[in-house]
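Here is the structure we will look at, set down as structure tokens.
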Amino acid sequence: MPKSETINQGRIIAFLQNAALSFLRQFVDFIYPPYCILCESYLKPHENIVCQKCWSQQQELEIPFLTCDQLKRKPGEKWWFDGSLALFKYSSATQQLVHYLKYRRFSKLAKPFGRDMTKVLAGEPWLESIDAMIPVPLHPKRLRERGFNQSYLLAKAAVDQLEIKVWNDALIRTRYTQPQAKMQREERLRNVTGAFRLNPAANIENKNIVLVDDVFTTGSTMNECARILRMAGAKKVISLTVVRI
Ligand SMILES: [Zn+2]
């Protein structure tokens, strides 16, 4: 083959490779747009899903850990957990991010939330006594619909730098409950009472547990999960969430 023909073929191959790469990049950009989901500005290479500016606009809680005595509750209401640790106050930015966390294409948001959870956990004197993290489970039907449990992703991301196990199947959701976002306190309580049970294979006796969920509103879901764990002999149960309202 003459030398000039080989060079031309090389150029054609390089051109096709570049065209294929460019097409692939545009396709990926279409599926996973490199724009911040909140402000729609173009993301920098180290940013993912949300830009640094929007992320930093979330409002950290001044006191991340509150004991149950410091939490609001109705007279006579019994808290089964020992305290609530959370990252952010309720704000529009955090609310939107937690909402996006429930979509598979944005589920990577669990990573930065988990990273911040690790930071707040590191400041707690009880951290060393923790035996495991247990995510608040989804009902199997909702798990099939969503494809993943965002609380499990948060727990996994939170323990990434810690030597703590995640017991994903220790609690089982036995009732398909309605979303609670617009419910009042009493409705939430009715909605979750009896909605969980313990996996018979889980040994909770004398264990110190961190229960993980995305949002702490009235605490009714956490409280019901904590009740199951305490009835099974758990020593300490602490709630860990992204938001505490
Ligand atoms: Zn942004």
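For ligands, and for the atoms within them, numbers begin at 1 and follow the listed sequence.
Taking the six-membered ring wherever Trp is involved, the centroid distance between the rings of Y152 and W167 does not fall below 6.0 Å.
Protein atoms of type N, O or S found under 2.8 Å from the Zn ion (ligand 1) total 4.
The cationic atom of K78 (NZ for Lys, CZ for Arg) lies less than 6.0 Å from the six-membered ring centre of W80 and within 45° of the ring axis. Both cation-pi conditions hold for R142 and Y176: the charged atom is under 6.0 angstrom from the six-membered ring centre and inside a 45 degree cone around its axis.
Surrounding NZ of K165 are at most 12 heavy atoms belonging to other residues, nucleotides or ligands under 6.0 Å away.
Not counting sequence neighbours, E124 has no partner by the salt bridge (Lys or Arg N to Asp or Glu O under 4.0 Å) test.
Judged purely by distance below 3.5 Å, without hydrogens or angles, the side chains of R197 and T174 never pair a donor atom with an acceptor atom.
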